[in-house]
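Since the structure is predicted, the reported quantities are computational estimates derived from the model, not experimental observations. Residue numbers start at 1 and run along the sequence shown.
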Amino acid sequence: MTSSTSKRARPAYRCTECGWTTVKWVGRCGECQAWGTVSDDGPAPSGPRTAAVSPAREPARPIAEIDVESARANPTGIGEFDRVLGGGLVPGAVILLAGEPGVGKSTLLLDVASNVADGVLGPNGFESPRTVLYVTGEESAGQVRLRAERIGALSPTLLLAAETDLGTVLGHLEVNQPDMLIVDSVQTIASGQVDGAPGGVSQVREVAAALIAVAKDRQMPTILVGHVTKDGSVAGPRTLEHLVDVVCQFEGDRHSRLRMIRAVKNRYGPTDEVGCFDLSENGIVGLPDPSGLFLSHAGSGVAGSCITVTLEGRRPLAVEVQGLVAPSPLSNPRRATSGVDSSRLAMILAVLQRHGGLRLADQDVYASTVGGARITEPASDLAAALALVSARDGLPLPGATVAIGEVGLAGDLRPVVGLDRRLGEAARLGFAHAVVPHGTGVKVPEGLQLVEASHIRDVVEWARSAGGSAGKPAGESAAKSPSGSGASRRAADHSVPWTMIDRFVKRTACDPAHSVGFLRGHDLLAP
């Protein structure tokens, strides 16, 4: 007998999504939790199988001697797209643009291809026209031609090919020698040398690897369009996102004109930039100042409306939050939202009822944003609370007012990140007042007055006292109102729903003070 035993090569199984290995077959990957992706990868190697060879192309050089002029980003002519990419298209870069069907991916890329073909490329602006190859695997050439005519993207150096075979696409690259390649989409291209249907894991990996190799070899910027799954992630193997240089997500509500591009991964620039676009029947246009899409009644004295400033990456955007509170005939009142997180709305309602003195348990509450914007950050809590207070009392907030702050469960107001940029955007748009948490310590822009509060109760009192005079002409006296000045009445007692008092006074012609005592004495008024 010998003390040492030889190790037998055991079979190995590998996940085709993330590369996780195991010694036995399992139905679900232990790393990425994907089903049916673990396959036989042959026996596990006992040692390295690749031997060292001499460098084939060029030896290693000091990093300071590497030429960077050829790797500069070149603008595409669309400022919002260049903002997300980090300045434009880098030679040899491979960009993956993913988004839901109908969001505008093909329209945007056709516009980019037309600009590059017309000569909108290079650090010095317009240069000589370039050859761009647009490969479409989802639409016919005639359909793409009609869209190009509609948006004005007809260029003599923009070549179009309707192909789904990878070998044919590579043949087009050999014949035409384009300066830029766009593939729409990578899931529709398949290779005859690989088993599997188009869009499968093996096919997508083969197609992406072949196109990336050509792009790097020829220093040709390449844009790949990708499909998304139900949860919004990029369809196909996860290795596709690792292979490309830039991953962009194209977002937007189908019923809204606003479209946004976010960089999930970017080797050439930041990932906290957002590009805004306006999609219309004439094409897609960048929006350097998209706040106008999100504001409708700013400063017009409409009850149930409040403005906040959100941060999309590093970009401040003014968004209008609207609220509606109405008596509910149901035992379980409705809570409906559009563009607002429903869980945060439920929390704000609970805080307003517990710490703000508002009776909302028997009311239907609706909250929405204007222009299809979506707000999920806590900085919009204060604006949503003020919109609901304004809608509950039927009083508009003072004009030109923004609200920025997070509401805690104890009713306290907490500061948020990037408050200086938010206030700067509010001042640029002409707002005069900003309701913020107390003790922020930021520099106040010129022309903007801060209204600081430390508790939600203070904000409710300010809204009720200031809301009585909102929208009234200067010099209007309280004698013109049958029930007295709204500001003075609310300053005396902030826990009274004055809309009920006003209706009672109009019907009975009683003094408002006696009306409050009468209603409270008969349990008709909430304490």
Enquirer: Shortest non-hydrogen contact from Phe277 to Glu80?
Expert: CZ-CB, 3.5 Å
Enquirer: Are the side chain of Gln353 and the backbone N or O of Ala361 linked by a donor-acceptor pair below 3.5 Å?
Expert: yes
Enquirer: Roughly how far apart are Arg335 CZ and Ser342 OG, rounded to 0.5 Å?
Expert: 12.0 Å
Enquirer: Check Arg259 against Leu279 and note the closest heavy-atom contact, atom names and distance.
Expert: NH2-CD2, 3.5 Å
Enquirer: Could you check whether any side-chain N or O of Ser328 sits under 3.5 Å from a backbone N or O of Gln363, counting only pairs where one atom can act as donor and the other as acceptor?
Expert: no
Enquirer: Just checking Arg374: does its CZ atom have more than 12 heavy atoms from other residues, nucleotides or ligands closer to it than 6.0 angstrom?
Expert: no
Enquirer: Looking at side-chain heavy atoms only, is the closest gap between Leu96 and Lys265 below 4.5 Å?
Expert: no
Enquirer: Given 3.5 Å as the limit, does a donor-acceptor pair link the side chain of Ser390 with the main chain of Leu395, or not?
Expert: yes
Enquirer: Rounded to the nearest 0.5 Å, what's the gap from CG on Leu330 to CG on Asp362? Could you check?
Expert: 11.5 Å
Enquirer: I need the Ile284 CD1 to Leu110 CG distance, nearest 0.5 Å.
Expert: 11.5 Å
Enquirer: How close do Met260 and Phe250 get, heavy atom to heavy atom, and via which atoms?
Expert: O-CD2, 3.3 Å
Enquirer: Counting only heavy atoms from other residues, nucleotides and ligands, does the tally under 6.0 Å from CZ of Arg354 exceed 12?
Expert: no
Enquirer: Hey, are the side chains of Pro221 and Ile95 touching, using non-hydrogen atoms and a 4.5 Å cut-off?
Expert: no
Enquirer: With a 4.0 Å cut-off on N to O distance, would you call Asp184 and Lys105 a salt bridge?
Expert: no
Enquirer: Could you check whether any side-chain heavy atom of Leu382 comes within less than 4.5 Å of a side-chain heavy atom of Cys306, counting everything from C-beta outward?
Expert: no
Enquirer: Any salt bridge linking Arg314 with Glu273? Criterion: basic side-chain nitrogen under 4.0 Å from a carboxylate oxygen.
Expert: yes
Enquirer: Could you check whether any side-chain heavy atom of Ile261 comes within less than 4.5 Å of a side-chain heavy atom of Leu108, counting everything from C-beta outward?
Expert: yes
Enquirer: Does this structure show an ion pair linking Arg334 with Asp364, if we count only N-O contacts that are shorter than 4.0 Å?
Expert: no
Enquirer: Output yes when a side-chain donor or acceptor of Ser114 lies under 3.5 Å from a complementary backbone atom of Asp111, and no otherwise.
Expert: no
Enquirer: Working to the nearest 0.5 angstrom, can you tell me the gap between Phe81 CZ and Leu109 CG?
Expert: 6.0 Å
Enquirer: Is Val340 close to Ile375 at the side-chain level, that is, under 4.5 Å between some pair of heavy atoms?
Expert: yes
Enquirer: Under a 4.5 Å cut-off applied to non-hydrogen side-chain atoms, are Ser106 and Val225 in contact?
Expert: no
Enquirer: side-chain contact (heavy atoms from CB on, under 4.5 Å), that's the test. Do Leu386 and Val321 meet it? Break it down for me.
Expert: CA-CA 9 Å; Leu386 281 174; Val321 184; over 6 Å; no
Enquirer: Are Glu425 and Arg422 close enough for a salt bridge, meaning some N to O gap below 4.0 Å?
Expert: no
Enquirer: Between Val436 and Leu423, does a side-chain contact (heavy atoms from CB on, under 4.5 Å) hold up when you go through it step by step?
Expert: CA-CA 10 Å; Val436 297; Leu423 295 178; 4.2 Å; yes
Enquirer: Show the numbers, then the answer: is there a side-chain contact (heavy atoms from CB on, under 4.5 Å) between Asp341 and Ser380?
Expert: CA-CA 10 Å; Asp341 189 12; Ser380 60; over 6 Å; no
Enquirer: Find the distance between CG (Leu450) and CG (Leu419) and round it off to the nearest 0.5 Å.
Expert: 8.0 Å
Enquirer: Quick one: does Asn115's side chain get under 4.5 Å of Ile78's, heavy atoms only?
Expert: yes
Enquirer: If every non-hydrogen atom of Ala400 is compared with every non-hydrogen atom of Phe431, which pair is closest and at what distance?
Expert: C-CD2, 3.5 Å
Enquirer: Is Glu139 salt-bridged to Arg147, cutoff N-O under 4.0 Å?
Expert: yes
Enquirer: Mind checking the OG1-CD1 spacing from Thr401 to Ile307? Nearest 0.5 Å is all I need.
Expert: 9.5 Å
Enquirer: Please answer whether the main-chain N or O of Leu311 pairs with a side-chain N or O of Glu377 as donor and acceptor at a distance below 3.5 Å.
Expert: yes
Enquirer: Is the shortest heavy-atom distance from the side chain of Cys32 to the side chain of Cys15 under 4.5 Å?
Expert: yes
Enquirer: Quick check: closest heavy atoms across Gly313 and Val274, and the distance to 0.1 Å?
Expert: N-CG2, 4.1 Å
Enquirer: Using a 6.0 Å cut-off, check whether atom NE2 of His455 has over 12 heavy atoms from anything other than its own residue.
Expert: yes
Enquirer: Looking only at heavy atoms, what is the nearest atom pair of Arg262 and Val84, with distance?
Expert: C-CG1, 4.1 Å
Enquirer: Are the side chain of Gln187 and the backbone of His227 linked by a donor-acceptor contact shorter than 3.5 Å?
Expert: yes
Enquirer: After noting the C-alpha distance and the side-chain angles of Ile348 and Ile456, does the key distance pass the side-chain contact (heavy atoms from CB on, under 4.5 Å) rule?
Expert: CA-CA 10 Å; Ile348 294 172; Ile456 191 64; over 6 Å; no
Enquirer: Return yes if a side-chain donor-acceptor contact under 3.5 Å exists between Asp82 and Thr76, otherwise no.
Expert: yes
